[in-house]
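When reading the values below, keep in mind they use all heavy atoms of this one structure, side chains included, and skip hydrogens, waters and symmetry mates. Convention: sequence-line order gives letters A, B, ...; per-chain numbering from 1. Everything numeric in this text was worked out from a predicted model, so none of it was measured.
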Number of protein chains: 2
Amino acid sequence: MADNKAKIDRVFHALGDPTRRQILERLSAGPVSVSHLATPLKITLAAVVQHLQLLEESGLVRTEKLGRVRTCRIDPAGLAVAQQWIADRRSTLEKRLDRLGDLLA
Amino acid sequence: MADNKAKIDRVFHALGDPTRRQILERLSAGPVSVSHLATPLKITLAAVVQHLQLLEESGLVRTEKLGRVRTCRIDPAGLAVAQQWIADRRSTLEKRLDRLGDLLA
DNA sequence: GCATTAGTTAAGTACATACTTAAGTATTCA
DNA sequence: TGAATACTTAAGTATGTACTTAACTAATGC
């Protein structure tokens, strides 16, 4: 639970970069190799690899290497962490508004 | 729709900083003044004001000034933008897995 | 009116980050 | 075996970012 804070930090930091979100958008359509992933992006392959490392450490992406090709795919668990944090904020928010409504009624 | 991209960029960039998320956690419990918001944080008031400017520009927070006190509260619209982006990723992800399941069945 | 409170704004600094190039390894193919 | 492919890794750079201090404005209280 307290350990979860570090995970939330990593996930939201990873999501903070537009290039990494673009990578996730691509991966939600299906798994692809690193070089295939790099093609539409206007950065070098090396830069893409660095983004992928961060995405993997944050739990947003999983990869596996077969031969010389590394295949990347979305790990739903990472997105779930972010979604949960947002849901938690909205939940306490709505509970508070409900109590406020009760008082007024 | 294409304009929405800039909004998503701003929201996720804002959420990328742990101090700003801490501010949002505080605000989800209810509206507070700037100095009240700053007290538990180990940074100067000036730094808090700078975070608040970013949070307001990104649509995550609304503020209003009465006399010399600025009251800050969460704007649910900002969180909704982030939530929607994540939901969109998971949606395309699940659709793909469904099609895969259909093929196997 | 004067001091205090609450916030603002500007300028500077130190560190983080996204990128590059370049030189490497491991795998596949002819 | 040798060339091409698919990454990998290290090192350097330039820009961003979060923060500070300091000097300011505006509202409130005595």
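- Taking only side-chain nitrogens and oxygens, His51(A) comes nearer than 4.0 Å to OP1 or OP2 of dC19(C).
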Could you give the side-chain donor-acceptor pairs of residues 96-103 of chain B under 3.5 Å, partners two or more places apart or in another chain?
unit_1, atom_1, unit_2, atom_2, d
Arg96(B), NE, Ser28(A), O, 3.3
Arg96(B), NE, Ala29(A), O, 3.4

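- Between His13(A) and dT17(C), a side-chain N or O to OP1/OP2 separation shorter than 4.0 Å is present.
- Using a 4.0 Å cut-off on heavy atoms, the residues of residues 52-70 of chain A that approach DNA chain D are Gln53(A), Lys65(A), Arg68(A), Val69(A), Arg70(A), listed by number.
- In terms of polar N and O atoms assigned as donor or acceptor, the side chain of Gln50(A) comes within less than 3.5 Å of the base of dT20(C) in a complementary pairing.
- Listed by chain and residue number, nothing satisfies the side-chain hydrogen bond (donor to acceptor under 3.5 Å, both in side chains) test with Gln53(A) (two or more places apart in sequence, or in another chain).
- Partners of Arg62(B) by side-chain hydrogen bond (donor to acceptor under 3.5 Å, both in side chains), not counting sequence neighbours: none found.
- Under the rule for a side-chain hydrogen bond (donor to acceptor under 3.5 Å, both in side chains), Thr19(A) has no partner lying at least two apart in sequence or in another chain.
- Sequence neighbours left out, not one pair with a member in residues 34-82 of chain B passes ring pair (Phe, Tyr, Trp, His ring centres under 6.0 Å).
- Residues of residues 32-48 of chain B having a heavy atom closer than 4.0 Å to DNA chain C, listed by number: Ser33(B), Val34(B), Ser35(B), Leu45(B), Ala46(B).
- For Arg73(B), the salt bridge (charged side-chain N to carboxylate O under 4.0 Å, His left out) partners at least two apart in sequence or on another chain are Glu64(B).
- Atom CZ of Arg21(B) is separated from atom P of dT17(D) by 16 Å (rounded to the nearest Å).
- Listed by chain and residue number, nothing satisfies the salt bridge (charged side-chain N to carboxylate O under 4.0 Å, His left out) test with Arg89(A) (two or more places apart in sequence, or in another chain).
- Comparing the helix axis at one end of the helix from dG1(C)-dC30(D) to dA30(C)-dT1(D) with that at the other, each defined from 5 consecutive pairs, gives an inter-axis angle of 20° (nearest 10°).
- Screening residues 71-105 of chain B for ring pair (Phe, Tyr, Trp, His ring centres under 6.0 Å) gives Phe12(B)-Trp85(B) as the qualifying pairs, with residues at least two apart or on separate chains.
- Residues passing the side-chain hydrogen bond (donor to acceptor under 3.5 Å, both in side chains) test with Glu57(B), sequence neighbours excluded: none.
- With a 4.5 Å cut-off on side-chain heavy atoms, Leu37(A) and Ile23(A) count as touching.
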